[in-house]
Amino acid sequence: QVRLVESGGGLVQAGGSLRLSCAASGFIIRTGAMSWYRQTPGNQREVVASITTYGSAHYADVMKGRCAISRDDVNNTLYLQLDNLKPEDTAVYYCRTGLGSWGRGTQVTVSS
């Protein structure tokens, strides 16, 4: 069974930072692409960042320059560093495997 457990979310003020974690079990994350998505009530889930098996990262335009995706192969964990957060970044952030498995998300709330 594939399991993804996100953590690291919380309440921060605008301009603050958070480091989100996605602990994976049941598969080895370095064998496939991994992504972070986010979703707010009433909106579609949107991709924030992705990383290939070779470590090449891609970012959504709205987050480019303010986030960094990385992978810890030893601990089989995916990370998302969020910096200079804005109120519009408030959302539930989800981890996704290349084959379409999801975690349950972690809430990020940014106050103005």
Side-chain angles (χ1 to χ4, degrees):
Q1 98 276 17
V2 175
R3 188 184 183 195
L4 303 173
V5 181
E6 300 95 335
S7 63
L11 174 64
V12 298
Q13 293 184 319
S17 299
L18 287 172
R19 185 173 178 82
L20 309 183
S21 298
C22 173
S25 60
F27 77 109
I28 301 173
I29 63 172
R30 66 173 175 81
T31 62
M34 296 290 293
S35 301
W36 284 96
Y37 282 70
R38 69 184 185 185
Q39 186 172 29
T40 56
N43 296 306
Q44 292 182 269
R45 194 168 295 183
E46 62 180 7
V47 64
V48 175
S50 61
I51 186 169
T52 70
T53 58
Y54 299 100
S56 179
H58 301 273
Y59 302 98
D61 289 341
V62 294
M63 294 299 301
K64 189 175 182 179
R66 299 191 297 117
C67 71
I69 188 171
S70 61
R71 190 182 68 221
D72 183 340
D73 295 339
V74 173
N75 293 295
N76 206 37
T77 301
L78 185 73
Y79 297 98
L80 184 68
Q81 177 69 39
L82 299 171
D83 298 311
N84 193 25
L85 286 164
K86 306 176 185 297
E88 51 264 42
D89 295 322
T90 295
V92 177
Y93 285 70
Y94 299 89
C95 179
R96 182 187 187 274
T97 71
L99 294 179
S101 295
W102 298 90
R104 287 184 286 185
T106 183
Q107 177 71 49
V108 170
T109 302
V110 185
S111 63
S112 59

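The residues of the chain are indexed from 1 along the displayed sequence.
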Sidechain-backbone polar pair: E6 side chain, T106 backbone, donor-acceptor under 3.5 Å: no
Pairs in or reaching into residues 72-86: which pass salt bridge (Lys or Arg N to Asp or Glu O under 4.0 Å), with residues at least two apart or in two chains? R71-D73
Working to the nearest 0.5 angstrom, can you tell me the gap between S25 OG and Q1 CD? 5.5 Å
In short, G103 meets Y94 closest at the heavy-atom pair O-CD2, 3.5 Å
Partners passing side chain to side chain donor-acceptor pair (under 3.5 Å) against N43 (at least two apart in sequence or in another chain): T40
Euclidean distance, C22 SG relative to R96 CZ, rounded to 0.5 Å: 12.0 Å
Considering non-hydrogen atoms only, spot the tightest contact between A14 and S112 and give its length. CB-CA, 4.5 Å
Atom CZ of R104: over 12 foreign heavy atoms under 6.0 Å: no
Could you work out, with ring pair (Phe, Tyr, Trp, His ring centres under 6.0 Å) as the rule, every residue matching Y37, not counting sequence neighbours? W102
Taking every heavy atom of N84 against every heavy atom of S17, the minimum-distance pair comes out as N-OG, 4.2 Å
Apply the hydrophobic cluster definition, ILVMFWY joined by side-chain contacts under 4.5 Å directly or through others, and give me every member besides Y59. V2, L4, V12, L18, L20, F27, I29, M34, W36, V48, I51, V62, M63, I69, L78, L80, L82, L85, Y93, V108, V110
Mind checking the OG1-CD spacing from T90 to Q107? Nearest 0.5 Å is all I need. 7.0 Å
Can you list every salt bridge (Lys or Arg N to Asp or Glu O under 4.0 Å) pair that touches residues 26-43, not counting sequence neighbours? R38-E46, R38-D89
Who passes side chain to side chain contact (heavy atoms under 4.5 Å, CB included) against T53, sequence neighbours left out? none
